[in-house]
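First comes the structure, then the notes that go with it.
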Protein chains: 2
Amino acid sequence: MQRGGEGGPGGGGGGAGSGGAKKRPTINDIARMAGVSKKTVSRVINDSPLVRGETREAVKAIIQETGFAPDPQARGLAFRRAFLVGLIYDNPNPQHTVSHQQGLLDALQGSGFELVVRPIDRTSPRRLSDIRSFIERQKPFGVVLPSPVSEDEELVELLKELDCRYVRIASVPLDEDDRMVVSHDGEGAAQAARHLADLGHTRIALVSGPPTFRSSKERRKGFEAGLAERGLLLDPALVRQAGYTYESGVAAARDLFALPNPPTAVFALNDEMAAGAYTSAHEAGLTIPRDISVVGFDDAPIASRLWPPMTSVRLPLRDMGRLAGEMLAPDLMRGRPPSHDVQPELIVRASTATPR
Amino acid sequence: MQRGGEGGPGGGGGGAGSGGAKKRPTINDIARMAGVSKKTVSRVINDSPLVRGETREAVKAIIQETGFAPDPQARGLAFRRAFLVGLIYDNPNPQHTVSHQQGLLDALQGSGFELVVRPIDRTSPRRLSDIRSFIERQKPFGVVLPSPVSEDEELVELLKELDCRYVRIASVPLDEDDRMVVSHDGEGAAQAARHLADLGHTRIALVSGPPTFRSSKERRKGFEAGLAERGLLLDPALVRQAGYTYESGVAAARDLFALPNPPTAVFALNDEMAAGAYTSAHEAGLTIPRDISVVGFDDAPIASRLWPPMTSVRLPLRDMGRLAGEMLAPDLMRGRPPSHDVQPELIVRASTATPR
DNA sequence: AACCTCTATGATACCGGTGTCATTTCCACT
DNA sequence: AGTGGAAATGACACCGGTATCATAGAGGTT
């Protein structure tokens, strides 16, 4: 399989039979068959109004018949824009990426755009030059930024400079920017707070996320607001800073459960940390929900697989991805501007109960 | 933001400042600056040996200086191959997709290739025409097929016909095909069998996967082989067919635990179903591992988050993705042909113990 | 010196589309 | 019938690279 000559992708595939493979028609073939110029075919492809109805139908018929589809590379070259949409993510929680990606693909389905995925490391200074080179070279039609990338103002600034369309997915409206999908995590956290308060809990602990994440700040703020609605105040002694990871959740909860006057309920700002609280509860010999109620956030698959099944705040991640995709191409979504907001929902399962 | 004229991607991005945006240099600029023809620059880009060392260095210096990078679209158009690699997956287990994707991205890192993701539905007859149109239009350099897509012979046949390079990821060598990453799931299952047998279990149940999946067949076969090594036979009365899902695992295990003479250990062919067994054990009042030992397969994150932490067979999913990516571009991997095989490894945690 | 071969380079066509602008066609109105 | 203006169409350059093939030099042979 060694190639002698110059580089490039070159070479053939895995199979053998390079039989009578009739080549795909190009725009020139269509033009010839329709008896018009290639430019007219181009107009038909691009839905230009400057084509007589009759001509349009004739060309369309031939396109249909031959199964012609324009070459995205050639089109992209001429347009100076690729028929690609980028998903730029940094992955504290793979579950989010999967779901967002799935939703985004739902939206792109049949649109002729392909999804290219670009993980970045938010702590690396190289991320900016990486993305710059990606955008400049590939010229994607647009990109989607789930949190926490959506909060990276330097990156957003870069995208503006590069004149690259983007949609941000975040827990709270950011800036005066209009292209966003907002999940209002604060409201979800407030639901969790009200739920626990209504069950009669007063000593409620909080396992917080990294302070640099907007989602963490927002969830915490919403949680405090929810408690306030019920006349409760978050006790600083019952707050632990963690890092959105399982291990950090284990450590934080372990610490809380060892308190002389331990909490009767714990709200963890994501399911990973809540799962950590389950582990610490087991280690400490506490039974959920008899001795300690636990609420998570995200309603990831693990929430329903733990025992007892965990109460958690559900985020419609897939919908969020889909909405982001739809917002990228508003011109295609004739008329109705897609909604910008989604609402979290508390899923009550068996990990929460009245305190003893 | 409404555009009046013809269609296409067009339009600008979100930002304002379209200031002194100096355009990226093209191959023509480089040629002019270096005082050579564009073809010579092209030769340098593609590492052609037909360039005098002196000329090469001069051109390279200018490329370095200007930060020139060739346009993938133009290059792709001329090569009739896109600088894209496809990941075609069908997703019984999102965890696999994430990990494979990550590994594949590891391999593609810095190669100039972008990863485009294409989910398909293995039960849909449209999948073939979908993929055909994807390949014909985008002309990806190659594609990676994780299982169960890798077992879709119709699809593989199509790829051969389209002369599209591919690498399959599967649990067992398929056909006489040479471009594969093989994980030898059977050996992993055998390790699980030996582990349980060595603990003293004899009434060992099996929660099997969908019979159409090679991985399921392979794991089961390996498990039986492992038992045989220890002089044990799989009791057909202790085998339940399930569907690789959590719910099906719950149902299968519930059934097993209700048996008059229930098993003392369960091996589930993936972690999702094993998590289901945990749930059924809880429902039945059985304590793991005292009353029942449980072993899963995949070592997904959930394995270590369940209580007690679950013994499971680990698959190096990320490595598999990386290897697949490296195998796609053997020309770039000067010399050393990448290895085709990876080995599963049993991770022993706290869900397995000597039977009472 | 003439001839040959091999290496290095460039001129030009081409990949498959779109943009620009000139030209033709159509139709309403004098 | 003649005319003006808008609608419809096409010729041709161009997007930014690569392939082909011709050609200029370098070095060796007779």
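Worth knowing before you read on, the calculation uses all heavy atoms, side chains too, and leaves out hydrogens, waters and symmetry mates. Every chain is numbered from 1, with letters handed out A, B, ... down the list of sequences.
As rounded to whole Å, 15 Å separates atom P of C:dT9 from atom CD1 of B:I45. In this structure, the CG atom of B:L77 is 18 Å from the P atom of C:dA13, given to the nearest Å. Computed from coordinates, the B:I30 CD1 to D:dT18 C1' distance equals 17 Å when rounded to whole Å. The separation between B:N28 atom CG and C:dA11 atom P is 12 Å, rounded to whole Å. To the nearest angstrom, P of D:dG16 lies 16 Å from CZ of B:F83.
The base of C:dG10 lies outside donor-acceptor range of the side chain of B:K38, with no N or O pair under 3.5 Å. Between the base of C:dA11 and the side chain of B:K39 there is no donor-acceptor pair shorter than 3.5 Å. Interface remark: the A:R24 side chain does not form any donor-acceptor pair with the C:dG16 base, using a distance-only criterion of under 3.5 Å.
A:T26 has no side-chain polar atom (N or O) that falls below the 4.0 Å cut-off from OP1 or OP2 of C:dG16. Considering only side-chain N and O atoms, B:T40 lies under 4.0 angstrom from the phosphate OP1 or OP2 of C:dG10.
Salt-bridge annotation for A:D90 and A:R122: present, with a side-chain N of the basic residue lying under 4.0 Å from a carboxylate O of the acidic one. Salt-bridge formation is not detected for the pair B:K160/B:E154: no Lys NZ or Arg NE/NH1/NH2 atom is positioned less than 4.0 Å from an Asp or Glu carboxylate oxygen. Between A:R127 and A:D152 a salt bridge is recorded (basic side-chain N to carboxylate O distance below 4.0 Å).
In the set D:dG17, C:dT20, D:dA19, the nucleotide with an atom closest to the side chain of A:R43 is C:dT20.
Remark: B:R81 fails to qualify as a cation-pi partner of B:F141 under the 6.0 Å distance and 45° angle criteria applied to the six-membered ring.
Counting non-hydrogen atoms under 4.0 angstrom, A:V41 reaches nothing in the nucleic acid.
If A:I27 and B:T55 are placed on DNA chain C by their nearest nucleotide, the residue sitting closer to the 5' end is B:T55. Comparing B:V36 and B:A78 along DNA chain C, the residue whose closest nucleotide (by nearest heavy atom) sits nearer the 5' end is B:V36.
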